[in-house]
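Given the structure is predicted, the values throughout are model-derived calculations rather than measurements. Below, each value reflects all heavy atoms present in this structure, side chains not excepted, and no hydrogens, waters or symmetry copies. Per chain, numbering begins at 1; letters A, B, ... match sequence-line order.
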There are 2 protein chains.
Amino acid sequence: MGLKQSTSKAAAKPREAAAPSGSQTLLRGLDVLEAAASGVIGLADLAARLELTRSTAHRLASVLVERRYLAFAPREGYTLGPKLLELGFSARQQMNIIRIAAPHLEALSVATEDTVHLGVQEGALALYLDKIPGRRRVEIGSRVGERQPLTTTGLGKALILDESEERWHELFMADLGARASENAFRIWLKRMRAYARDGHAFDLEENEDRIRCVSAPIREAGGRIAASISLSSAAQYMSDSRMEQLAKEVKATTAAISRELGWRGDPPRA
Amino acid sequence: MGLKQSTSKAAAKPREAAAPSGSQTLLRGLDVLEAAASGVIGLADLAARLELTRSTAHRLASVLVERRYLAFAPREGYTLGPKLLELGFSARQQMNIIRIAAPHLEALSVATEDTVHLGVQEGALALYLDKIPGRRRVEIGSRVGERQPLTTTGLGKALILDESEERWHELFMADLGARASENAFRIWLKRMRAYARDGHAFDLEENEDRIRCVSAPIREAGGRIAASISLSSAAQYMSDSRMEQLAKEVKATTAAISRELGWRGDPPRA
DNA sequence: TTGCAGAATTTCATATTATGGGATAAAATT
DNA sequence: AATTTTATCCCATAATATGAAATTCTGCAA
């Protein structure tokens with residue numbers, strides 16, 4: 001079987017947890033899939049990018065084509081196949097938060113004309129589950145399935161509103177790393193306290209330049225924060241007064257979704 | 001390595017094309033993925049369903065979890081993971097027909113309150129690319145990524161409107177198989193001629209009971225049929241007169257999309 | 001608390017299956 | 001026609017996936 005994988009892999013990337021355990025063929029197959037996610041890619045490029053021989057790349061890709069995970073156009077290359085449409089659709093169906101929230105997000109997007117995101121916490125990151133582009137011609141650089149820091153995004157801040165200040169500190173340091181001064185944390189902490197009190201959060205161009213967000217948490221039965229939504233737009237549309245106004249609308253939306261999830265409690269403080 | 005795969009696979013399912021070539025591990029990995037698509041599934045069930053040992057099922061599933069293709073809840077089981085949301089999203093982006101058509105489909109759905117489908121031809125089948133559920137509480141049994149016959153669905157008929165009558169005959173026989181009488185074909189042919197003349201097609205409960213559809217083709221630059229859309233609802237909402245009315249709306253929608261694809265020609269006959 | 005049963009994970013010797021070099025064929029480009 | 005690029009296939013080799021069994025976890029009952 002393979003020869004140079006042991007050398008190249010051990011030497012090249014000491015990824016997190018470094019799990020060389022397991023199924024090389026499956027891992028390589030997934031690599032092929034993901035290589036095609038970034039756009040059409042020919043066999044030669046594919047093999048080069050993944051450091052596989054043409055034979056191996058071809059064999060793996062052929063299996064994926066046969067199973068409809070990839071589509072192949074003879075002189076063009078490989079693209080993602082219809083099976084991924086299907087599985088993506090099924091994945092959405094399985095996350096009931098997405099199903100339940102969808103109509104509410106849609107309504108909020110129509111009412112405000114801005115981009116709406118839905119997300120949950122996954123590990124120490126915020127995972128984007130859904131995105132409804134606004135009517136304005138502002139591109140928000142986010143992709144469904146992607147993860148972003150918890151402490152520098154509106155979505156993320158709303159997810160950790162209930163955490164202790166110790167935990168906040170941990171997360172802040174983890175996200176900002178070396179760039180985090182104690183002073184920067186104090187400013188951020190002060191804001192977070194206000195957000196926690198008010199039950200909503202803002203993002204003032206911290207994560208992405210010229211983009212401001214308003215966000216709020218969704219609570220499930222029992223009160224735990226299960227998800228959050230954010231409303232994003234270019235700073236020019238996001239005056240302080242409009243953000244305060246939007247906060248009310250966002251909270252009305254999260255309240256409605258929370259109610260569907262069985263949360264009957266009052267919004268935290270009044 | 002494996003022992004019984006050669007016996008069980010050869011004996012069990014002589015699938016189409018019967019390709020024992022290639023990558024067992026990758027194929028099994030994909031099997032695991034698809035097993036989780038139908039709902040949460042525990043390791044034991046997973047192993048049983050795929051006729052794998054617990055070890056193997058566990059190893060494959062663990063790789064998929066690590067890569068975020070599956071999510072795992074300790075006492076619950078495996079579900080589809082966020083990576084599939086991401087790849088599904090990317091797959092949509094890569095099919096520009098979906099991107100271009102989406103707002104038009106949305107508008108049509110809002111205007112009619114019925115379910116809108118977008119599809120293309122893939123081999124001898126119609127592939128569903130997008131689905132926008134209508135406001136009515138009617139469940140249309142279709143899934144994005146799935147394939148349906150060309151000759152018995154509204155979407156499919158619109159896709160083959162330009163084909164020769166010989167080709168129609170071939171496809172009809174292929175879809176209906178033994179159940180197809182020459183007489184049934186003659187009736188169908190007569191309708192198809194009318195559909196081809198009018199530039200739209202109907203589905204009168206042929207594919208799914210109590211469901212009627214109105215459909216029309218989308219043409220790309222050069223006039224070739226690149227896709228089609230259909231509007232589906234329960235038969236009770238689909239009187240003959242309303243279907244004629246809807247045909248106009250559907251054709252207006254496909255015309256708009258075709259124009260965006262560069263088709264400047266007249267609608268076929270006037 | 002203790003014990004138990006089922007689930008989850010790990011280990012390891014074995015040989016089946018993936019591998020990659022190269023050969024072949026088929027298009028495109030010159 | 002000659003050449004380059006791309007696609008597919010073949011096959012000896014041994015690296016990798018495999019499954020039986022052992023071990024660790026976890027929740028629940030007694």
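- Below the 3.5 angstrom threshold, one finds a donor paired with an acceptor across the side chain of A:Ser55 and the base of C:dG21.
- Closest contact between the side chain of B:Thr53 and the listed nucleotides D:dA20, C:dG20, D:dT8 involves D:dA20.
- Under 4.0 Å is where a charged nitrogen must lie from a carboxylate oxygen, and between A:Arg167 and A:Asp162 no such pair does.
- Shown here is A:Arg54, whose CZ atom has no more than 12 heavy atoms of other residues, nucleotides or ligands within 6.0 Å.
- Residue-to-nucleotide proximity on DNA chain D shows that, of B:Leu52 and A:Tyr78, the 5′-proximal contact is made by A:Tyr78.
- Comparing D:dA17, C:dA28, C:dT19 by their closest approach to the side chain of A:Arg75 singles out C:dA28.
- Rounded to whole Å, the distance from CG on A:Leu27 to P on C:dA18 is 14 Å.
- Distances from the side chain of A:Leu43 to the nucleotides D:dT8, C:dT9, D:dT18 place D:dT8 closest.
- We find that CD of A:Glu76 is positioned 14 Å from C1' of C:dA28, with the value rounded to whole Å.
- Other residues, nucleotides and ligands contribute at most 12 non-hydrogen atoms within 6.0 Å of the CD atom of B:Glu76.
- Closest to the side chain of B:Arg59, from the set D:dG19, D:dA7, C:dT19, is D:dG19.
- Computed from coordinates, the A:Leu46 CG to D:dA7 P distance equals 11 Å when rounded to whole Å.
- Residue A:His58 places at least one side-chain N or O under 4.0 Å from the OP1 or OP2 atom of D:dT8.
- At the phosphate of D:dA20, neither OP1 nor OP2 sits under 4.0 Å from any side-chain N or O atom of B:Arg54.
- We find that CG of A:Leu26 is positioned 11 Å from P of C:dT19, with the value rounded to whole Å.
- Taking atom CG of residue A:Leu60 and atom P of nucleotide C:dT17, one finds them 16 Å apart after rounding to whole Å.
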task = Could you walk me through whether B:Gln94 and A:Leu84 pass side-chain contact (heavy atoms from CB on, under 4.5 Å), step by step?
result = CA-CA 11 Å; B:Gln94 285 188 8; A:Leu84 291 168; over 6 Å; no
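- OP1 or OP2 of D:dT18 has at least one side-chain nitrogen or oxygen of B:Gln24 nearer than 4.0 Å.
- Classification of B:Asp31 and B:Arg49 as a salt-bridged pair fails, no side-chain N sitting under 4.0 Å from a carboxylate O.
- Here the P atom of nucleotide C:dA27 and the CZ atom of A:Phe72 are 13 Å apart, to the nearest Å.
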